[in-house]
Every structure is written in C-alpha cells, then in structure tokens.
Amino acid sequence: MSDQITDRKAKLEKIRALGVDPYGGRFESVTKNAAIRAASEPLNIEPGQIVESDAARFRAAGRVVLYRDIGSLIFMTVRDWTGDLQFGVSKKMLQGGAGVSPGGTNVLPGSAGVSPAVGGDTTWKVAKLLDLGDIVGIDGRLGRTKTGELTLWASHFTLLSKAVRPPPEKYHGLTDVEARYRRRYVDLFASPESQRVFVLRARIIDYARDVLRRRGFIEVDTPVLQPIYGGAAARPFETHHNTLDMKLYLRISPELYLKRCLVGGLERVYEFARCFRNEGISPRHNPEFTMLELYQAYGDYHDMMDITEEIIAGAARDVIGSLKIKFGEREIDYTPPWPRRRYTELFAEHVGFPLTDLAKVRVRARELGMEEKKLDDVVVISKVFEHHVEPHLVNPTFVIDYPAPLCPLTKRHPQDPQLALRFEPYINSMEIGNAYSELNDPAIQRENLGAQLAGEGDETMRVMDEDFCEALEHGMPPAGGLGIGIDRVVMLLTGSPSIRDVLLFPLQRPECR
RNA sequence: GAGGGCGUAGCUCAGUCGGUAGAGCAACGGCCUUUUAAGCCGUGGGUCCCGAGUUCGAGUCUCGGCGCCCUCACCA
C-alpha cells in the first residue's frame with residue numbers, strides 16, 4: 001500500500017516513544033532565514049568557523065527540503081517564506097537538558113523523559129528520525145562549513161510538525177499543472193516561485209490600497225448575494241435563501257451598489273469585489289475573480305485614467321521593481337503616461353476604413369467567418385475591433401470613447417452623442433479594466449437599462465433594478481468610476497500566463513480518486 | 001459546445017514493431033563528523049486514469065467514459 005506513509009507514521013510513534021510530541025506548539029521569536037543571512041554579513045565568518053558571540057545566536061524554523069545524514073552529523077536545508085538556510089546538527093554539539101528548545105512545548109506530558117526534559121541524546125535520536133517535509137525549529141550558532149556554506153549549528157533542536165506524507169521530488173518539485181492546482185499547499189512549499197506569485201499578489205493589492213487611501217478613498221463592502229443582478233452583461237450563478245425562501249444571485253458586479261454609496265454621500269469608495277460569472281473558463285477567465293472597483297464623486301474618466309496608471313505602473317515600479325516587465329517573449333513597458341487613443345481612430349488605423357462605413361464593416365466581418373446578419377451594427381464593429389485592433393495593444397494603452405450603444409451606464413460625449421465617455425485599459429492585448437464618466441441622469445439611465453433588458457430577450461431572468469433607478473432620482477453626483485481586473489494585473493506583473501496561476505485555489509472538477 | 005494534446009511507482013519521467021513494467025529522486029536495511037539535488041553497498045515498491053473490444057498476448061491498437069492543458073466558439 002502507501003508504504004511511505006506507513007513508514008512515516010512508524011517514525012511518528014518512535015518519536016512519541018522517546019517522550020517527544022511530534023506536533024509542537026508555540027515557537028516564537030524566530031529570525032527569518034533571509035534576516036539571518038543578512039545578519040551574517042558583518043560577522044565575516046571564515047570557512048570552518050563557528051561564531052561564539054551572541055550576535056551569531058539565532059532561532060530559526062521552517063520546512064526540511066533537503067536532508068543529508070552523514071552519520072554523526074546531519075545537514076538539512078530548511079525553507080521559510082524568506083528563503084532557505086542550512087541547519088547543521090552535530091551529535092557532539094547538541095546540548096543536553098532540553099530535548100526541546102527553550103520555550104519549546106513539545107515534551108509529551110506524562111512521558112518518561114519529561115523531567116527535567118529530554119536530553120541531547122533524545123534530541124539526536126529525533127533528528128535522525130526526520131523526513132523531508134518535516135517542520136523543525138532550532139536554536140543555534142551561525143558558522144560556515146569548510147566549503148563556505150552558511151550554517152546554523154543546533155545547540156537545541158525541536159520537531160514542530162511531522163509530515164506523514166512525502167513531499168514531491170526535491171529537485172523538480174510539482175510540475176504537473178493539475179496537481180499544482182489541486183494540491184496548491186504542496187505546490188507552494190515545494191516551489192518558491194509559486195509562493196512568490198501569491199506574495200506579490202498581496203503586495204500589489206496593498207499598493208493599490210495605499211494609492212486609494214492617499215487619494216482619500218474609503219473601502220466598503222457591498223452585497224455579494226443580490227436579489228437582482230446588474231452592472232455588467234453576464235450570466236449569473238443562482239442560489240437560494242432557505243428561511244426567506246428567496247432566489248438570490250451571486251453578484252456579477254458591485255457597480256450598482258457602489259453608486260448607491262455615491263448617492264448617499266460616500267464620495268470616494270472602493271471595493272475589492274469578488275465577482276462571479278457563469279460563463280466559459282479560459283486562461284483569462286475564471287468563474288470567480290476579483291475586481292477592484294472605485295467611484296470618485298465630482299470626477300470623470302480622466303481621473304480614472306490617472307488612477308489606473310498610478311496603481312499599475314506604480315506597482316510595477318515599486319512592487320516588482322521595474323517599469324519594464326517580461327511576459328512570455330514580450331517585454332511590456334509600463335512607463336506612464338500611457339497613450340490615450342480614441343476607439344474610432346484605432347479602428348480606422350488598424351482596420352483600414354472608418355467604422356462609420358457599415359457596409360465595409362459587415363463585409364470584413366463575413367471575411368472573418370462571422371454570422372453577422374443577426375447582429376447589431378455596434379456588435380459587429382466591436383468584433384472587428386477585437387480581431388484587428390486588440391493584437392496591436394501590447395504596451396499599456398487607454399482605448400477611449402466607445403460607441404454609446406455598448407455602454408448603458410455611461411455618460412454620453414458632449415461633442416458627439418454617438419460616443420460614450422468610457423475607456424478600457426489594454427495591456428498585452430488583454431482588457432484589464434473598464435471605466436467611465438458615470439451616467440447620473442436617472443431618466444436616461446432608466447431608458448438605457450430598459451433597452452438592455454429588451455436586447456437580452458427571454459434568455460436571462462434579468463429584471464429592471466427599480467431601486468437603483470430610484471436612487472439616481474435622489475441625485476447622484478457626477479463621478480468617475482473604474483473597475484480593474486486584479487487577477488489579470490497580477491498575471492501581467494508576475495509573468496503568469498494563466499489566471500489559474502494567480503488564484504490560490506482555481507475551480508477544478510472533482511478529482512476521481 | 002467543437003477540435004487537438006496529455007494521463008505509467010509518492011514525485012520527475014522513459015517504455016522501440018503488440019511479447020510477462022524501467023530509471024532518477026523518495027522509501028527501507030547498512031556505512032560515514034563538513035554535506036550542497038551528499039556519497040557508497042543492499043532491498044522493496046505498479047488499479048500503466050476507468051470500462052469494454054480486437055488479439056494466443058494490450059502500457060502500446062480500437063471504441064466509450066473521466067480528469068487536466070491548449071485553440072476556437074460563447075462571453076467579459
């Protein structure tokens with residue numbers, strides 16, 4: 001059967017028989033491996049030397065990723081989330097009187113060796129019973145081996161958690177993508193580069209929060225469970241509340257609630273909104289994803305472009321450390337200001353004729369193999385745009401002033417009512433957001449939403465959000481609004497080709513085991 | 001939804017023309033006080049994704065199913 005598990009459980013019992021709890025408790029005041037490395041620099045440790053001074057005493061902890069037993073001497077490479085460090089355990093150097101480190105808590109109550117605690121001899125036996133994947137803590141003195149490797153030599157040694165399952169192969173780690181997604185916990189500890197993505201994700205989000213806080217925004221939470229869904233064009237997930245006996249939808253967008261906040265006088269609000277869309281899955285689409293959405297009263301979409309640049313270019317510079325970041329074979333230049341290009345101009349430039357020449361647009365659509373007869377003009381235009389223009393939008397570009405019929409929640413362009421004051425930032429041919437000068441005329445809003453519902457026909461169960469329209473009738477300040485697909489931004493900044501690489505636990509069908 | 005690719009030991013992977021299942025790491029037993037993916041000697045380990053079929057014989061060929069990845073479609 002699964003003999004490695006059996007072997008490890010046998011060791012577990014041997015360790016318990018020694019009076020040591022293989023699952024330790026609190027082990028605080030640990031210095032991170034990276035900090036220990038940094039602290040070693042001024043010590044100028046010579047190969048073969050072990051430093052006696054207090055400046056070289058450290059407590060460290062982490063997971064055993066490499067283990068080399070040389071008889072009466074054990075070397076192990078121990079990983080924490082700052083990096084790896086070699087621990088050395090020498091039979092002669094272990095101090096008795098505590099099989100656990102001072103402050104360690106893993107002496108089994110009532111065991112034979114409990115008082116005055118297990119000795120160095122017991123500690124040694126435990127060290128010999130270690131396996132790859134175990135989590136250990138040590139107190140020791142810093143030195144260098146003959147070959148110059150920085151090493152923390154244990155005076156006390158503690159087993160903090162015994163792994164009864166074997167880790168993946170120590171050199172390759174987990175490479176099978178399915179295994180990495182299904183058992184992310186293994187992928188994370190086996191692959192520092194995977195861990196790095198999620199640390200960077202957190203820092204990028206922190207960075208965005210800092211930008212918004214400096215600009216006077218407050219973070220709010222709006223409903224995920226919504227009786228009426230809206231704010232985007234997508235099919236929703238449905239659910240049901242038992243005691244209210246009520247149909248509910250998981251939100252496809254927080255937009256209509258955040259605008260209610262504007263009506264209420266919360267002038268600058270943002271939300272990191274987990275959204276759910278019951279649509280196809282692809283390397284750029286996950287059924288649940290995170291949208292940073294924000295609204296600024298008295299602003300417009302130009303302000304939103306400034307914020308977009310400040311967050312994304314700033315995160316590139318300050319979190320990743322460069323305004324030029326590779327993605328696949330390409331290098332993307334995030335240096336602001338990003339070009340702001342009109343939709344109509346880009347269309348004419350890359351398609352070869354203006355989008356107002358509808359006959360030509362439809363001919364081109366047919367050439368692309370499209371069933372264009374049943375589609376509205378603007379839909380055909382947008383398909384042709386996607387096909388011909390998006391591939392050219394590699395470096396960050398704001399595409400501005402979209403055809404109005406595509407934008408039911410957007411204010412019209414004052415010079416051209418055919419256009420809407422909307423932009424989408426594109427990077428690496430991918431939409432990474434959506435923003436506009438928000439429509440605040442309640443009559444036009446009601447009309448647009450009605451037209452949208454009519455366009456969707458009976459295929460969706462969508463109904464008019466009367467309460468939202470009523471809110472606008474109380475007066476919503478003019479405002480700029482912005483949504484940024486956080487997952488996609490993290491993909492770009494970390495060089496991750498699939499959205500699943502930046503989601504800790506992407507949706508997978510049940511495993512047949 | 002359509003097409004293509006993949007699925008073999010805990011992990012990473014070989015497996016020829018259809019002929020009784022292989023390596024490295026990991027594991028187990030032994031040796032070793034300066035290793036670096038430690039080394040040396042020895043040992044064990046398989047639902048070849050699942051199920052049918054063809055065949056004297058299937059990891060290999062055929063069909064069906066499941067899962068994952070990619071492309072396209074839908075969508076965003």
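Numbers restart at 1 for each chain; the letters A, B, ... are given by sequence-line order, proteins then strands.
Look at CG on A:Asp176: it is 15 Å from C1' on B:A9, rounded to the nearest Å. The distance between atom CD1 of A:Ile499 and atom C1' of B:C68, rounded to the nearest whole Å, is 18 Å. A:His172 has its NE2 atom 8 Å from the C1' atom of B:C13, to the nearest Å. Distance, A:Leu174 CG to B:C13 P: 10 Å, rounded to whole Å. In this structure, A:Gln4 places its CD atom 9 Å from C1' of B:G45, rounding to the nearest Å. Nucleotide B:C11 holds its C1' atom 17 Å from the CZ atom of A:Arg182, rounded to whole Å. Rounded to a whole Å, the NZ atom of A:Lys91 is 13 Å from the C1' atom of B:C32. The interatomic distance linking A:Lys92 (NZ) with B:U34 (P) rounds to 11 Å, in whole Å.
Results of the ring pair (Phe, Tyr, Trp, His ring centres under 6.0 Å) test with A:Tyr343 over A:Phe423, A:Tyr402, A:Phe398 single out A:Tyr402 as the only residue that passes. Evaluated for a salt bridge (Lys or Arg N to Asp or Glu O under 4.0 Å) with A:Glu438, the options A:Lys259, A:Lys411, A:Arg422 yield exactly one hit, A:Lys259.
When Watson-Crick and G-U wobble pairs are counted only if both distances are under 3.5 Å, B:A37 pairs with no nucleotide at all. As the counterpart of B:U55, no nucleotide is assigned, since no Watson-Crick or G-U wobble pattern has both distances under 3.5 Å. Pair check for B:U12 finds B:A23; Watson-Crick or G-U wobble, both atom distances under 3.5 Å. Base-pair partner of B:G67: B:C6 (Watson-Crick or G-U wobble, both distances under 3.5 Å).
If you check B:U35, B:U33, B:C11 against the side chain of A:Glu169, the one that comes closest is B:C11. Comparing B:G67, B:U34, B:U36 by their closest approach to the side chain of A:Thr147 singles out B:U36. In the set B:G10, B:C11, B:A38, B:A38 carries the atom at the smallest distance from any side-chain atom of A:Arg68.
No cation-pi contact links A:Arg201 to A:Phe198, judged by a cut-off of 6.0 Å to the six-membered ring centre and 45° from its axis.
Remark: A:Ser72 is in phosphate contact with B:U33, judged by side-chain N or O atoms under 4.0 Å from OP1 or OP2.
A 6.0 Å sphere centred on NZ of A:Lys91 holds no more than 12 heavy atoms belonging to other residues, nucleotides or ligands.
In summary, A:Glu193 and A:Arg196 do not engage in a salt bridge, as defined by a charged side-chain N under 4.0 Å from a carboxylate O. In this structure, A:Asp69 pairs ionically with A:Lys128, as a charged nitrogen and a carboxylate oxygen lie closer than 4.0 Å. Ion pair A:Asp7/A:Lys11 not flagged as a salt bridge, since none of the NZ, NE, NH1 or NH2 atoms sits closer than 4.0 Å to an Asp/Glu carboxylate oxygen.
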**Chi angles and distances behind the salt bridge (charged side-chain N to carboxylate O under 4.0 Å, His left out) call for A:Asp377, A:Arg362** = CA-CA 8 Å; A:Asp377 290 340; A:Arg362 287 194 175 266; 2.8 Å; yes

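Note on A:Lys170: only backbone sugar-phosphate atoms sit closer than 4.0 angstrom, heavy atoms only; bases stay farther off. Looking at heavy-atom distances under 4.0 Å, A:Thr175 makes contact with sugar-phosphate atoms alone, never a base.
The closest donor-acceptor contact from the side chain of A:Ser194 to the backbone of A:Leu188 lies at 3.5 Å or more, if one exists at all.
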**Request:** Could you encode protein contacts along nucleotides 69-76 of chain B as a string, one character per nucleotide from 5' to 3', using B for base contact, S for sugar-phosphate-only contact and - for no contact, with a heavy-atom cut-off of under 4.0 Å?
**Result:** SSS---BB

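For a distance-only test at 3.5 Å, the side chain of A:Ser90 fails to qualify as a donor-acceptor partner of the base of B:U34. Residue-to-nucleotide contacts include a donor-acceptor pair under 3.5 Å from the side chain of A:Gln86 to the base of B:U35.
Comparing B:A14 with B:C50, their C1' atoms sit 24 Å apart, to the nearest whole Å. Spacing of C1' atoms, B:A37 relative to B:U54, comes out at 46 Å, to the nearest Å. With both ends at atom C1', the span from B:U16 to B:C61 equals 16 Å, rounded to whole Å. Spacing between B:G4 and B:C11 at atom P, rounded to whole Å, works out to 29 Å. Here, B:C6 and B:G59 have their C1' atoms 15 Å apart, quoted to the whole Å. Comparing B:C31 with B:A23, their P atoms are spaced 25 Å from each other, to the whole Å. Here the separation of B:U62 from B:U71, taken at their P atoms, is 26 Å to the nearest Å. Remark: the separation of the P atoms in B:G5 and B:G45 is 36 Å, to the nearest Å.
Side-chain polar atoms of A:Arg500 and A:Asn286 form no donor-acceptor pair below 3.5 angstrom. Using modelled atom types and a 3.5 Å distance limit, the side chains of A:Tyr334 and A:Asn395 yield no donor-acceptor pair.
Each of A:Gly173 and A:Leu66 was matched to the nucleotide of RNA chain B holding its nearest heavy atom; the match closer to the 5' end belongs to A:Gly173. The residue among A:Ile70 and A:Pro167 whose nearest nucleotide of RNA chain B lies closer to the 5′ end is A:Pro167.
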Each nucleotide N or O in nucleotides 28-31 of chain B that has a protein N or O under 3.5 Å away: list the pair and distance.
| from | atom 1 | to | atom 2 | distance (Å) |
| --- | --- | --- | --- | --- |
| B:C28 | OP1 | A:Lys11 | NZ | 2.9 |

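Taking the six-membered ring for Trp and the full ring otherwise, A:Phe58 and A:Trp153 have centroids separated by 6.0 Å or more.
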